Amino acid sequence: QLQFVESGGGLVQSGGSLRLSCAASGFTLDSYSIGWFRQAPGKERWGVSCVSRSDGSTHYVPSVKGRFTISRDNAKNMVYLEMNSLKPEDSAVYYCAVVKTDCSYDFEIAAVRYDYWGQGTQVIVSS
């Protein structure tokens, strides 16, 4: 089965840090760009970060830029999201997924183009 398995979520106080991990299962990451998305209750699924397949360039939405860092380890078939200075508004279920093109300028709203979604990992930031 082709999917990601996300882990690393949890409950953290405002200002704290978490490191999310995504393990690819049934496929290799080196042919894809990889996005991290999040979905809060009753909200749409929005992209927060993306790392491109061709040059490894990283992209962030303004609300997380400077606080979140995406990275990939193709040898381990893993993707990570380091999250620092967490805020209550970062609370959501976080997912990773892939796309065969480079990250697009509108990746934040492009979840429909991505594949191999996992079950997600929940992040709760208390105030």
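Computed from a prediction, not measured in an experiment: that's the story for all the values here. Numbering of residues begins at 1 and proceeds along the displayed sequence.
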Determine yes or no for a side-chain-to-main-chain donor-acceptor pair under 3.5 angstrom, with [X] supplying the side chain and [Y] the backbone.
X      : Y      : answer
Asp73  : Val79  : no
Asp102 : Ser54  : yes
Arg113 : Ile109 : no

Q | Test side chain to side chain contact (heavy atoms under 4.5 Å, CB included) applied to Val5 and Gln3, step by step | A | CA-CA 7 Å; Val5 178; Gln3 66 175 32; 3.9 Å; yes

Q | Sequence-distant partners of Val125, side chain to side chain contact (heavy atoms under 4.5 Å, CB included), two or more places apart | A | Val12, Ser14, Leu86, Pro88, Asp90, Ser91, Val123

Q. If you look at every heavy atom in Val48 and Phe107, which pair is closest and at what distance?
A. C-CE1, 3.7 Å

Q | Cys103 versus Ser33, closest heavy-atom pair with distance | A | N-OG, 3.6 Å

Given side chains that start at C-beta, do those of [X] and [Y] come closer than 4.5 Å, heavy atoms only?
X     : Y     : result
Val93 : Arg38 : no
Leu81 : Thr69 : no
Asn77 : Phe27 : no
Phe4  : Leu29 : yes

Q | Exceeds 12 heavy-atom contacts within 6.0 angstrom, atom CD of Gln119 | A | no

As an exercise, state the distance from [atom1] of [X] to [atom2] of [Y], rounded to the nearest 0.5 Å.
X      : Y      : atom1 : atom2 : answer
Leu11  : Gln122 : CG    : CD    : 9.5 Å
Glu108 : Arg45  : CD    : CZ    : 14.5 Å
Tyr116 : Leu2   : OH    : CG    : 4.5 Å
Arg19  : Ser7   : CZ    : OG    : 9.5 Å
Ile34  : Met78  : CD1   : CE    : 10.5 Å
Leu20  : Thr121 : CG    : OG1   : 6.0 Å

Q.
Tell me whether Val61 shares a hydrophobic cluster with Tyr80, the cluster being built from Ile, Leu, Val, Met, Phe, Trp, Tyr side chains joined at under 4.5 Å.
A. no

Q: Give the ring-plane orientation class for Tyr94 versus Phe68, where under 30° counts as parallel, over 60° as perpendicular and anything between as tilted.
A: tilted

Q. Any side-chain donor paired with an acceptor under 3.5 Å for Thr101 and Arg53?
A. no

(Q) Quick test of your reading: applying ring pair (Phe, Tyr, Trp, His ring centres under 6.0 Å), list the pairs with at least one residue in residues 33-65, sequence neighbours left out, ordered by first then second residue. (A) Phe37-Tyr114, Phe37-Trp117

**Q.** side chain to side chain contact (heavy atoms under 4.5 Å, CB included) between Cys96 and Glu6, worked out
**A.** CA-CA 7 Å; Cys96 47; Glu6 298 94 344; 3.7 Å; yes

